Trainee: 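Pasting a structure here, questions to come.
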Amino acid sequence: MSMTMTEKILARAAGKQAVAPGDNVWVAADVLMTHDVCGPGTIGIFKREFGAGARVWDRERVVLIPDHYIFTKDDKAHRNVDILRAFAAEQGLPHLYDVGTSRYKGVCHIALAEEGHTRPGEVLFGTDSHTCTAGAFNEFATGIGNTDAAFVMGTGKLLVKVPPTMRFTFEGEVPPYILGKDMILQIIGDVGVDGATYRAMEFAGEAVMRLSMEERMTLANMVIEAGGKNGIIACDETTRAYLRARTTRPYTEVANDAGARFVTDRRYDARRLEPVVAKPHSPDNRALARELGDVRLTRAYIGSCTGGKITDFINAARVLKGRRVAVDTFLVPSTTEVSTGLRTHTIDGRALLDIFRDAGCQVSVDASCAACLGGPRDTFGRINGPEVCISTTNRNFPGRMGAKEGQVYLASPYTVAASAVTGRITDPRELLQ
Amino acid sequence: MTIRGRVYVLGDNIDTDQIIPAEYLNLVPTIPEEYRKLGSYALAGLARTPDQPPFVPPDGMTTPYTVIVAGKNFGCGSSREHAPVALGAAGTKAVVAESFARIFFRNCVATGELYPCETPTRLVDVFRTNEEVVLDLEANTLTNVTTGAVHALRPLGDAGPVIDAGGLFAYARQTGMIAGARAQATPAAGGGPQAGPDD
Ligand code: SF4
């Protein structure tokens, strides 16, 4: 039977020759990730169900990444990291990226990739809806709740319904002013915020396979904003090169079988894409950036698992170099590696960090989720009033970045940087040479 | 089983940030005191409109609304189990929606906090907040006691066998996936069905 990549991975993880969409199968997890927001609850359920003295199913496969509420005075936030720390010590877990140590990373989805925990052909479960980001690495990765995660923690298995795959193919060459964020916002605008519910989304075509791993991660990151279960991209030399630098663990790539079936099969001409924006308060509320020139902004934000990778900052710096921002502009690196990269990456001999400071941006050196999800009141960049913000993050539901009165426009790093310079929503073609 | 009580009516795409705003995610659902606090913040992220009473009264810990009727894509957004937990901790027993976001549905079933019932017809326009309803989970109907209208709901589908078994953990024990009884009988919360995935 012909299978898609997603079906093949799930069949293998279920120990079956073949699976079909709709089948409910017990699959073996390769990695379980949890963080400071959902880890304590997961650990609580694990102990309640398996006993106070229970051991996790495989110490090597549990990854703990505190990232959400780190640089805050909130007591409970610190208590939650303490719970992760105590659990890692009790269970002897080698993969805790602990706060206040040199191993601290920041945003879990980027940390997983940087630390080599995302590998082709594998099954990754995480207690965070953007776990789907890792589908960029040719694996099945999806977000689950605490109860399911506690189950995986004890057994290494989870009951999963095999999703049918929607394929999105981008043909031709991506214009220089278009980024992965524009491509995924285009798709979400087309299918809607529930258009991929219970489905896998595959990104394919020449334009996708020319993207860097970071840009592919931006595509896979936002499948959940269309309601999708997982995103997936084929494995190629770009994938292998990234992995060579990050892990020595062997992996098994998967490709679609000839004759694999797709529930929908959409094609895009990459050359015709234009910079797009998702208006408040929904990621599918799409408009062309050039049509929103009269939207006045009060701030801009660059960060998160979607838009806080090193490539996102390099792209923003291309626009901001030699310019000044007109509105408060907050920059938060997703991980400590990205934070270091702001100092070491240069454009025309000038470090990214200096370019941003010259431009008048407020740059956090601390990597975390920060204001992407609002967080405690003292969170860097949090929206605490009726701000109009353009952001490289992935969600703009009411109150997502803090105050309910805030309005958030989602866009690519190019568009956010260009808009920060003019103080109104701006098509980056106005500023990119 | 039937559930009787007052209904709270919401629109489409009620996301997890509206159900439980991120600033309260420092609360851990398995700690009983924090479980109750989560309930007091249920739907705290909802934009207030003049004609809609608050879901949880000011200074209250629970809600007078037993059933929520909503539109499409209820529970979209984050995988936070705090969302069904907050609604369940507030005292809500069921959400009747045109469709659910996948992870929210699964979390309802896995935690046993809420019955996630799907309606094939749009009910948000035929119910008013504060009307009295009866949800019949065997007949799969939602009755508006105020108007007398009876609306058919979809059966719970693939989640059924898991719910019948008593939840993901119970289902797994029953089918031999995991051995033995639950370690300690100290559920953090719930009182609703123990249920499992359809996902
Ligand atoms: S950066 Fe934002 S979207 Fe990503 S994991 Fe953190 S809170 Fe979630």
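Since the structure is predicted, the reported quantities are computational estimates derived from the model, not experimental observations. FYI, side chains are in, hydrogens and waters are out, and symmetry mates aren't considered; it's all heavy atoms of this structure. A note on names: the letters A, B, ... follow the listed sequences, proteins ahead of strands, and every chain is numbered from 1.
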Trainee: Non-hydrogen atoms of chain B under 4.5 Å away: do they reach the side chain of A:Ala149, the backbone, both or neither?
Mentor: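 For A:Ala149, there is no contact with chain B at all, as no heavy atom is under 4.5 Å.
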Trainee: How long is the span from the CZ atom in B:Arg173 to the CD atom in A:Glu49, to the nearest 0.5 Å?
Mentor: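 The CD atom of A:Glu49 is 5.5 Å from CZ of B:Arg173, to the nearest 0.5 Å.
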Trainee: Do the side chains of A:His78 and B:Asn26 get nearer than 4.5 Å, heavy atoms only?
Mentor: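 No - every pair of side-chain heavy atoms lies 4.5 Å or more apart.
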Trainee: Given heavy-atom pairs under 4.5 angstrom as the criterion, report whether the side chain, backbone, both or neither of B:Leu25 touches chain A.
Mentor: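 Both parts, backbone and side chain.
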Trainee: Minimum heavy-atom separation for B:Leu168 to A:Thr147, with atom names?
Mentor: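 For B:Leu168 versus A:Thr147, the nearest heavy atoms are CD2-O, 4.5 Å.
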Trainee: CD1/B:Ile178 to OG1/A:Thr155 distance, rounded to the nearest 0.5 angstrom?
Mentor: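 Answer for the CD1-OG1 pair, B:Ile178 versus A:Thr155, is 7.0 Å.
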Trainee: At what distance, to the nearest 0.5 angstrom, does CG of A:Asp284 lie from CG of B:Asn13?
Mentor: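 Reported value, rounded in 0.5 Å steps: 7.0 Å.
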Trainee: Between A:Ile43, A:Asn146, A:Leu373, which residue shows the highest count of heavy-atom pairs closer than 4.5 Å to chain B?
Mentor: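 Maximum pair count with chain B is reached by A:Asn146.
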Trainee: Mind listing the closest non-hydrogen atom pair of A:Ser129 and B:Ser78 along with its distance?
Mentor: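 For A:Ser129 and B:Ser78, the tightest heavy-atom pair comes out as OG-CA, 3.5 Å.
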Trainee: In terms of heavy-atom proximity below 4.5 Å to chain A, should B:Ser99 be classed as side chain, backbone, both, or neither?
Mentor: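 Contact with chain A is through the side chain of B:Ser99 alone.
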Trainee: Check whether any side-chain N or O of A:Arg400 sits under 3.5 Å from a backbone N or O of B:Pro21 as a donor-acceptor pair, and report yes or no.
Mentor: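 No; judged by distance alone, with no hydrogens or angles, the pair does not exist.
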Trainee: Flag the pair B:Glu81 / A:Cys38 as yes when at least one side-chain heavy-atom distance between them is below 4.5 Å, and no otherwise.
Mentor: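 No, too far: nothing below the 4.5 Å cut-off.
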Trainee: Rounded to the nearest 0.5 Å, how far apart are CZ of B:Arg80 and CG of A:Asp128?
Mentor: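 Rounded to the nearest 0.5 Å, the CZ-CG separation comes to 9.0 Å.
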Trainee: Tell me if the centroids of the rings in A:Phe50 and B:Phe169 come within less than 6.0 Å of each other.
Mentor: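 When the ring centroids of A:Phe50 and B:Phe169 are compared, they turn out to be within the sub-6.0 Å range.
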Trainee: What heavy-atom pair brings B:Ile103 and A:Gly143 nearest, and what distance separates the two atoms?
Mentor: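 Nearest pair, atom of B:Ile103 first, then A:Gly143: CD1-O, 3.5 Å.
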Trainee: Is atom CG of B:Asp51 surrounded by more than 12 heavy atoms (other residues, nucleotides or ligands) closer than 6.0 Å?
Mentor: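 For B:Asp51, atom CG is crowded (more than 12 foreign heavy atoms under 6.0 Å).
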Trainee: Looking at B:Met177, B:Gln18, B:Lys72, which makes the most heavy-atom pairs under 4.5 Å with chain A?
Mentor: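 Counting heavy-atom pairs under 4.5 Å, the top option is B:Met177.
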Trainee: Of B:Ile14, B:Thr16, B:Asp15, which meets side chain to side chain contact (heavy atoms under 4.5 Å, CB included) against A:Phe397?
Mentor: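 The residue from B:Ile14, B:Thr16, B:Asp15 that satisfies side chain to side chain contact (heavy atoms under 4.5 Å, CB included) with A:Phe397 turns out to be B:Asp15.
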Trainee: What residue in A:Leu158, A:Asp36, A:Thr72 has the most heavy-atom pairs under 4.5 Å with chain B?
Mentor: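 Of the options given, most contacts go to A:Leu158.
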Trainee: Please look at A:Asn80 and chain B and tell me whether the side chain, the backbone, both or neither of the residue comes under 4.5 angstrom of a heavy atom of that chain.
Mentor: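 Interface part for A:Asn80: side chain.
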Trainee: Does the side chain of A:Arg382 reach to within under 4.5 Å of the side chain of B:Glu23, using non-hydrogen atoms?
Mentor: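 Yes, at least one pair of side-chain atoms sits under 4.5 Å.
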Trainee: Is it the backbone or the side chain of A:Phe151 that comes under 4.5 Å from a heavy atom of chain B, or both, or neither?
Mentor: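 Both backbone and side chain of A:Phe151 come within 4.5 Å of chain B.
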Trainee: Whether B:Arg106 and A:Asp148 form a salt bridge (side-chain N of Lys/Arg under 4.0 Å from carboxylate O of Asp/Glu) is what I want to check.
Mentor: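 Yes, charged N to carboxylate O under 4.0 Å.
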Trainee: Given heavy-atom pairs under 4.5 angstrom as the criterion, report whether the side chain, backbone, both or neither of B:Phe100 touches chain A.
Mentor: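 Looking at B:Phe100, just its backbone touches chain A.
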Trainee: Between chain B and each of A:Val193, A:Ile224, A:Thr197, count heavy-atom pairs under 4.5 Å; write down the option with the most.
Mentor: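 Answer, by heavy-atom pair count under 4.5 Å with chain B: A:Val193.
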Trainee: Please report the shortest heavy-atom distance between B:Leu46 and A:Lys404, naming the atom on each side.
Mentor: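 Result for this residue pair: O-NZ, 3.3 Å.
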Trainee: Test side-chain contact (heavy atoms from CB on, under 4.5 Å) on B:Asp17 and A:Met401; report intermediate values, then the result.
Mentor: CA-CA 10 Å; B:Asp17 284 284; A:Met401 294 185 74; over 6 Å; no
Trainee: Can you see which heavy atom on B:Pro29 is nearest to which on A:Gly41, and at what distance?
Mentor: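 In terms of heavy atoms, the two residues are closest at CD-CA, 4.5 Å.
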